[in-house]
Asker: 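One structure, as structure tokens, below. Some questions next.
A note on names: the letters A, B, ... follow the listed sequences, proteins ahead of strands, and every chain is numbered from 1. Excluded from the calculations below are hydrogen atoms, water molecules and symmetry mates; all remaining heavy atoms, backbone and side chain alike, are included. Just so it is clear, the structure is predicted and the values come from calculations on it, not from any experiment.
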Amino acid sequence: MRLATWNVNSIRTRVGRVVDFLERSGTDVLALQETKCRDDQFPEEAFHAAGYDVVHHGLSQWNGVAVVSRLPVSDVEVGFPGMPTWGEPAAAEARALGATVDGVRVWSLYVPNGRELDNPHYQYKLDWLAGLRTAAEGWLAADADAPIALVGDWNIAPRDEDVWDIAAFAGATHVSPAEREALAALTEAGFSDVTREHTPGAYTYWDYQRLRFPRNEGMRIDLVLGSPALAARVSGAHIDRDERKGKGASDHVPVVVDLG
DNA sequence: ATGGTAGTGTTACTA
């Protein structure tokens with residue numbers, strides 16, 4: 001099974017690119033983040049025409065997550081148990097969607113950005129990651145052999161080598177010790193980064209501003225974390241850097257994992 | 001000189 005994750009930064013703007021990617025890459029299951037639309041606005045027809053089903057969770061022009069699959073999908077779950085809320089009045093955001101495909105539990109995740117270290121959104125990010133860790137621990141406690149893939153835009157660069165210049169990130173989010181510890185807590189719970197060894201030095205995101213892509217000033221923040229049973233099935237992975245090229249590109253590119 | 005792009009939906013907000 002070929003599994004991929006992609007922060008598309010609006011599915012309505014990029015539906016053609018996404019369907020083209022599915023057909024070109026032979027991806028069976030694609031987790032999407034930042035669809036930026038409500039369920040009733042999602043362009044499902046283009047996916048159906050290509051032979052894919054869609055499960056989507058979107059509440060507004062912000063966030064939005066989906067799982068697109070040409071294999072049968074079951075056990076769809078909106079948000080993870082204990083997922084923190086945001087805003088006034090406090091409400092759950094459209095940042096997590098679980099679905100089972102061919103026995104693999106896939107979670108499409110859009111981790112809060114954090115904005116700045118002194119912004120309340122930063123604490124929300126840390127709380128959200130802590131909640132995810134607790135939920136994920138529970139899934140493995142229920143079944144230690146479950147193949148679980150936690151995929152998406154984590155908005156964290158796990159190591160200094162995952163950004164083009166760590167000095168440029170002094171005092172910034174995405175690289176702070178607390179964020180990295182929150183991610184490491186998931187590793188301690190049994191979920192490992194299954195793409196790193198297959199994609200050395202490759203980035204998954206380049207800001208639209210300041211010629212970041214032509215200069216290859218990017219970040220590796222789109223990650224696939226696998227449970228032990230999932231990690232044991234990974235036969236390869238790659239990052240589709242070409243998807244950042246040309247007019248109408250998302251600022252993120254697909255991360256693709258092959259499961260045996 | 002404090003540098004600017006993209007999307008949604010509206011003159012702001014998010015990333």
Side-chain angles (χ1 to χ4, degrees), chain A residues 5-19 21 31-44 46 56-66 83-96 108-129 151-158 162-165 167-176 179 182-183 203-223 240-255:
Chain A
T5 182
W6 193 3
N7 177 323
V8 285
N9 187 24
S10 167
I11 190 60
R12 287 178 289 175
T13 295
R14 250 170 287 289
V15 57
R17 265 194 184 252
V18 175
V19 172
F21 163 76
L32 297 172
Q33 301 85 37
E34 278 211 272
T35 57
K36 288 188 166 177
C37 66
R38 299 184 309 268
D39 291 350
D40 63 287
Q41 297 173 306
F42 193 101
E44 290 186 330
H56 176 252
H57 174 50
L59 300 169
S60 67
Q61 69 269 47
W62 314 123
N63 314 306
V65 282
M83 190 176 78
T85 57
W86 175 252
E88 188 56 47
E93 295 188 302
R95 293 182 178 274
S108 180
L109 303 170
Y110 180 42
V111 176
N113 175 285
R115 300 177 186 170
E116 295 88 30
L117 297 183
D118 59 357
N119 189 302
H121 208 258
Y122 179 74
Q123 189 58 49
Y124 171 50
K125 181 180 194 175
L126 297 178
D127 293 344
W128 202 92
L129 289 161
V151 312
D153 177 1
W154 292 78
N155 273 315
I156 299 172
D162 296 323
V163 299
W164 82 92
D165 177 9
F169 287 82
T173 60
H174 294 58
V175 300
S176 72
E179 288 164 277
L183 188 63
Y203 301 132
T204 67
Y205 161 84
W206 298 260
D207 197 300
Y208 286 123
Q209 302 183 53
R210 306 180 199 188
L211 299 173
R212 291 300 191 212
F213 184 62
R215 293 175 175 170
N216 196 30
E217 294 175 347
M219 306 170 71
R220 180 174 171 274
I221 57 177
D222 298 273
L223 311 174
D240 192 348
R241 188 178 190 279
D242 287 350
E243 270 299 343
R244 186 63 178 79
K245 297 178 180 175
K247 198 170 176 64
S250 171
D251 42 1
H252 298 250
V253 295
V255 178

Asker: I'd like to know if the side chain of R17(A) and the backbone of E243(A) have a donor-acceptor N/O pair within less than 3.5 Å.
Answerer: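 Confirmed, R17(A) side chain pairs with E243(A) backbone.
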Asker: For H252(A) and dT5(B), give me the distance from atom NE2 to atom P, rounded to whole Å.
Answerer: 18 Å
Asker: Base, sugar-phosphate alone, or nothing: which one does F213(A) contact when heavy atoms must sit under 4.0 Å apart?
Answerer: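 It contacts nothing in the nucleic acid.
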Asker: Between E34(A) (CD) and dT5(B) (C1'), how many Å, whole number?
Answerer: 14 Å
Asker: Between dT8(B) and dT2(B), how far apart are the P atoms? Round to whole Å, please.
Answerer: 29 Å
Asker: Looking at every non-hydrogen atom in both residues, tell me the closest pair between A172(A) and E179(A) and how far apart they are.
Answerer: O-OE1, 4.4 Å
Asker: With a 3.5 Å distance limit and no angle check, can you tell me whether D39(A) reaches the backbone of G58(A) through a side-chain donor-acceptor pair?
Answerer: yes
Asker: Report yes or no: do N113(A) and K125(A) form a side-chain donor-acceptor pair below 3.5 Å?
Answerer: no
Asker: Find the distance K36(A):NZ to dA6(B):P and express it as a whole number of Å.
Answerer: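 Between P of dA6(B) and NZ of K36(A): 12 Å.
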Asker: Please report, rounded to the nearest Å, how far the P atom of dT14(B) is from the CH2 atom of W86(A).
Answerer: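 Value for this atom pair: 8 Å.
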Asker: State which of dA15(B), dT14(B), dG9(B) makes the closest approach to the side chain of W62(A).
Answerer: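 So the side chain of W62(A) is nearest to dT14(B).
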Asker: Heavy-atom contacts under 4.0 Å between residues 11-19 of chain A and DNA chain B, which residues?
Answerer: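 The answer is R12(A), T13(A), R14(A).
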Asker: Looking at T204(A), V255(A), V163(A), which hits side chain to side chain contact (heavy atoms under 4.5 Å, CB included) with R220(A)?
Answerer: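 Single side chain to side chain contact (heavy atoms under 4.5 Å, CB included) partner of R220(A) among T204(A), V255(A), V163(A): T204(A).
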Asker: Could you give the OH-to-C1' distance, from Y110(A) to dG7(B), as a whole number of Å?
Answerer: 12 Å
Asker: Please identify which of these residues, W164(A), Y203(A), Y208(A), W206(A), meets the ring-ring contact (aromatic ring centres under 6.0 Å, His included) condition with F213(A).
Answerer: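 It is W206(A); the other options fail the test.
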Asker: Write down the distance separating the C1' atoms in dA15(B) and dG4(B), rounded off to the nearest Å.
Answerer: 13 Å
Asker: Expressed as a whole number of angstroms, how long is the span from R212(A):CZ to dT5(B):C1'?
Answerer: 12 Å
Asker: If I take atom CG in residue D222(A) and atom C1' in nucleotide dA15(B), what distance separates them, rounded to the nearest angstrom?
Answerer: 13 Å
Asker: Both D153(A) and Q209(A) contact DNA chain B. Taking the nearest nucleotide for each, which residue is further toward the 5' end?
Answerer: Q209(A)
Asker: What nucleotide, of dA6(B), dG7(B), dA15(B), holds the atom closest to the side chain of R115(A)?
Answerer: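 Nucleotide nearest to R115(A)'s side chain: dA15(B).
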Asker: What's the closest nucleotide to the Q41(A) side chain, out of dG9(B), dT5(B), dG3(B)?
Answerer: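 The answer is dG9(B).
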Asker: With nearest nucleotide decided by heavy atoms, which residue, P112(A) or R210(A), maps closer to the 5′ end of DNA chain B?
Answerer: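 Closer to the 5' end of DNA chain B: R210(A).
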Asker: According to a strict under-4.0 Å criterion, is S10(A) in side-chain N/O contact with OP1 or OP2 of dT8(B)?
Answerer: yes
Asker: Knowing that exactly one of Y124(A), W62(A), W128(A) qualifies, which makes a ring-ring contact (aromatic ring centres under 6.0 Å, His included) with W86(A)?
Answerer: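 With W86(A) as partner, ring-ring contact (aromatic ring centres under 6.0 Å, His included) holds for just one option, Y124(A).
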Asker: Describe the nucleic acid contact of R95(A) in one word from base, sugar-phosphate, nothing, applying a heavy-atom distance below 4.0 Å.
Answerer: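 Sugar-phosphate: the residue R95(A), judged by heavy atoms under 4.0 Å, touches backbone atoms but no base.
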Asker: Expressed in whole Å, how much space separates the C1' atoms belonging to dG9(B) and dT14(B)?
Answerer: 12 Å
Asker: Do W154(A) and I221(A) have side-chain heavy atoms sitting under 4.5 Å apart?
Answerer: no
Asker: Measure CG/N7(A) against P/dA6(B) and give the value in whole Å, please.
Answerer: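 It is 16 Å, rounded to the nearest whole Å.
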